[in-house]
Amino acid sequence: MTGSARVVVIGGGVMGTSIAYHLARAGVPDVVLVERDELASGSTSRAAGGVRAQFSDELNIQLGARSLEAFARFGEEPGQDIGLRRVGYLFLLSTPEEVAAFEDGVRRQNALGVPSRLIDPAEAQRLSPLISTDGLLAAAFSPDDGHCTPESVVQGYAAGARRYGATVLRHREVTGIETRGDEITAVVTSQGRIATDTVVCAAGAWSRAVGAMVGVDLPVEPLRRQIAVTEAVPGLPPDLPMTIDFTTSLYFHTEGPGLLLGMSDPDEVPGFATTPHDRWIPRLSEAMERRAPALLDLRRTGGWAGLYEITPDHNALIGEARSCARFLYATGFSGHGFLQGPAVGEVIRDLYLGRVPFVDISPLSVERFTADAPRPEVNLV
């Protein structure tokens with residue numbers, strides 16, 4: 001058991017491992033990551049794996065684009081095959097309001113170097129032949145987006161963190177954080193105490209309990225989301241984009257010889273339950289009948305449920321607490337945490353080192369809620 005650390009990172013998903021990797025690679029000694037289970041065993045292993053820069057919020061565009069660059073060179077550094085497929089993201093738009101919102105988003109994305117564009121329904125169907133264009137007004141597409149394997153990203157970051165000197169502790173549950181005044185003195189785990197003056201909370205859906213250990217309210221709620229996997233689909237285009245019907249949130253992309261698909265369920269209530277159920281299937285079938293009827297003929301061969309980490313404005317919490325010195329947090333990503341993991345690892349590294357990050361993330365601090373300054377994201381899945 002490690003008795004002391006310069007920094008303790010809580011959470012062994014993509015966010016925690018990216019942060020540990022970036023800290024260790026920057027030369028920070030004695031970085032310790034603590035995970036209560038196996039690496040990637042929380043939300044990361046249950047993510048759909050999409051990676052994109054098509055957002056409405058400038059910060060999310062920049063975090064997504066920066067992460068796409070990192071995913072593209074992941075095979076060289078940290079050195080891991082993550083199965084990256086840059087087949088693009090295709091958002092299908094069915095109302096004038098959606099088209100107007102995405103026109104605005106595309107202008108913002110283009111100004112920041114993202115090659116997204118609006119296309120007509122015929123081109124959308126050429127890209128994604130399984131869809132129906134009935135009622136479709138337009139679509140938004142960016143060829144740089146795509147999907148990759150979340151577990152491989154985590155293992156690559158963890159291996160890189162270890163290579164640069166970090167310690168990764170699995171099966172160590174954090175049970176408390178000791179403080180003296182407004183300063184952290186130690187992290188208490190199920191297998192001992194780690195003396196430290198700095199903690200990074202990257203605990204995803206479980207972050208609120210971690211923040212409470214130091215008196216910091218991180219307004220994160222867990223919400224179950226489900227994914228289904230289908231049998232093999234003959235004739236699938238090799239470059240089938242991640243396809244999203246924005247009106248219903250139905251999405252799908254290739255998974256092996258079949259498809260991975262999912263959508264939001266407005267009947268879900270916040271909670272930590274991750275047992276799959278079939279109550280969402282009628283709504284899923286209705287969405288498929290409307291936008292991709294060919295999917296109705298496919299047999300489900302598997303699926304799973306995981307947790308989104310939801311904040312009140314569906315945008316991330318990134319920053320350093322004002323009330324507790326050296327308590328940093330990166331959580332509440334509301335469904336886009338996996339794809340922003342590389343960039344957020346850089347940001348937290350720079351906040352710890354006192355550097356200016358490549359993007360000003362102060363608008364994502366938790367204080368925005370007490371200041372009544374929410375920062376909503378439109379392009380949610």
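All values below were derived from every heavy atom in this structure, side-chain atoms included, with hydrogens, water molecules and symmetry-related copies excluded.
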Do the side chain of Ser67 and the main chain of Leu339 share a donor and acceptor less than 3.5 angstrom apart?
yes

Verify the ring-centre separation between Phe71 and Phe338: is it less than 6.0 angstrom?
yes

For Arg66 and Gln62, indicate whether the former's side chain and the latter's backbone hold a donor-acceptor pair under 3.5 Å.
no

Side-chain heavy atoms of Met242 within contact of Gln54, under 4.5 Å:
no

Check for a donor-acceptor pair, side chain of Ser128 on one end and backbone N or O of Gln125 on the other, with a separation under 3.5 Å.
no

Spacing of Leu380 atom CG and His336 atom NE2 [to the nearest 0.5 Å]:
7.0 Å

Result of checking Arg225, Gln226, His277 against Glu268 for side-chain hydrogen bond (donor to acceptor under 3.5 Å, both in side chains):
His277

How many angstroms lie between SG in Cys148 and CZ in Arg85, if you round to the nearest 0.5 Å?
12.0 Å

Decide yes or no for Ile131 and Leu136: does some side-chain heavy atom of the first lie under 4.5 Å from some side-chain heavy atom of the second?
yes

hydrophobic_cluster_shared for Val28 and Leu328, side chain cutoff 4.5 Å
yes

Main-chain N/O of Gly341 paired to Ser18 side chain as donor or acceptor, under 3.5 Å:
yes

Separation of Arg107 CZ from Leu112 CG (nearest 0.5 Å)
13.5 Å

Side-chain donor/acceptor of Arg291 to backbone N/O of Asp134, under 3.5 Å:
yes

What residues, two or more places apart in sequence or in another chain, satisfy ring-ring contact (aromatic ring centres under 6.0 Å, His included) together with Phe102?
Phe91, Phe246

Applying a strict under-4.5 Å side-chain criterion to I, L, V, M, F, W and Y, I'd like to know whether Val32 and Val154 cluster together.
no

Go through Arg172 and Ile194 one step at a time and tell me if the side-chain contact (heavy atoms from CB on, under 4.5 Å) criterion holds.
CA-CA 11 Å; Arg172 309 289 204 279; Ile194 307 172; over 6 Å; no

Looking only at side chains, do Asp313 and Thr311 share a donor and an acceptor under 3.5 Å apart?
yes

Inter-residue atom distance Phe358.CZ - Asp350.CG, 0.5 Å rounding:
9.0 Å

Are Arg86 and Leu68 packed together at the side-chain level, in the sense that at least one heavy-atom pair is separated by less than 4.5 angstrom?
yes

Grouping I, L, V, M, F, W and Y whenever their side-chain heavy atoms are under 4.5 Å apart, do Val366 and Ile177 come out in a common cluster?
yes

Quick one: CG on Leu127 to OG1 on Thr243, what's the gap to the nearest 0.5 Å?
8.0 Å

Val216 and Phe327: CA distance, side-chain angles, deciding distance, side-chain contact (heavy atoms from CB on, under 4.5 Å) verdict:
CA-CA 9 Å; Val216 174; Phe327 180 80; 4.2 Å; yes

If you count every heavy atom of other residues, nucleotides or ligands that lies below 6.0 Å from Asn110 atom CG, does the total exceed 12?
yes

What pair of heavy atoms forms the shortest contact from Trp280 to Met263, and how long is it?
CZ3-N, 3.8 Å

Give a yes or no on whether the backbone of Val188 and the side-chain of Arg193 come within a donor-acceptor separation of less than 3.5 Å.
no

Are the charged groups of Arg163 and Glu77 less than 4.0 angstrom apart, N to O?
yes

Would you check if the side chain of Arg326 reaches a backbone N or O of Tyr352 as a donor-acceptor pair within less than 3.5 Å?
yes

Evaluate the side-chain proximity of Ile227 to Tyr251: yes if any heavy-atom separation is below 4.5 Å, no if none is.
yes

Would Ser362 and Asp360 count as having a side-chain donor-acceptor pair, cut-off 3.5 Å?
yes

Please identify each residue that fulfils ring-ring contact (aromatic ring centres under 6.0 Å, His included) with Phe333, with sequence neighbours left out.
none

Ala232 versus Pro234, closest heavy-atom pair with distance:
O-CD, 3.6 Å

Short question: side chain of Glu377, backbone of Asp57 - any donor-acceptor pair under 3.5 Å?
yes

Is the backbone of Glu173 close enough, under 3.5 Å, to the side chain of Ser190 for a donor and an acceptor to pair up by distance?
yes

Compare every heavy atom of Val210 with every heavy atom of Ala203, then report the nearest pair and how far apart it is.
CB-CG2, 4.0 Å

Just so I know, are the side chains of Leu63 and Ile318 near enough to count as touching, which here means a heavy-atom distance under 4.5 Å?
yes

Do Val174 and Val8 have side-chain heavy atoms sitting under 4.5 Å apart?
no

Applying salt bridge (Lys or Arg N to Asp or Glu O under 4.0 Å), run through Asp217 and Arg208 and close with a yes or a no.
CA-CA 7 Å; Asp217 182 23; Arg208 194 162 207 161; 3.0 Å; yes

Min side-chain heavy-atom separation Asp245-Ser94 under 4.5 Å
yes

Approximate separation, where rounding is to 0.5 Å, of Thr331 OG1 and Ile10 CD1
11.5 Å

Quick check on side-chain hydrogen bond (donor to acceptor under 3.5 Å, both in side chains): which of Gln191, Glu35, Glu38, Arg36 does His171 satisfy it with?
Glu38

Heavy-atom nearest pair, Ser116 first then Gln109, reads OG-OE1, 2.5 Å

Would you say that more than 12 heavy atoms from the other residues, nucleotides or ligands in this model lie under 6.0 Å from the CD of Glu231, or not?
yes

Is there a donor-acceptor pair under 3.5 Å between the side chain of Thr185 and the backbone N or O of Glu178?
yes

Determine the minimum heavy-atom distance between Thr198 and Ile184, stating which atoms define it.
N-CG2, 4.5 Å

How close do Leu33 and Gly12 get, heavy atom to heavy atom, and via which atoms?
CD2-CA, 3.8 Å

Presence of salt bridge, Asp267 and Arg279, under 4.0 angstrom
no

Checking Thr248 against Met288 for the side-chain contact (heavy atoms from CB on, under 4.5 Å) test, could you report, in this order, the C-alpha distance in whole Å, the side-chain angles of both residues, the deciding distance, and whether it holds?
CA-CA 9 Å; Thr248 62; Met288 290 191 295; over 6 Å; no

Do Val356 and Leu353 sit in one hydrophobic cluster, given that two such residues count as connected whenever their side-chain heavy atoms are within less than 4.5 Å of each other, even indirectly?
no

Is Asp145 paired with Arg52 through a side-chain N to carboxylate O contact shorter than 4.0 Å?
no

Identify whether Tyr89 and Leu261 are in the same connected component of the hydrophobic contact network (ILVMFWY, side-chain heavy atoms under 4.5 Å).
no

Is the closest side-chain heavy-atom distance between Leu59 and Arg375 below 4.5 Å?
yes

Indicate the ring-plane relationship of His147 and His253, choosing parallel, tilted or perpendicular according to the 30° and 60° boundaries.
parallel

Residue pair Leu284, Leu295: steps toward the side-chain contact (heavy atoms from CB on, under 4.5 Å) verdict:
CA-CA 10 Å; Leu284 177 68; Leu295 301 182; over 6 Å; no

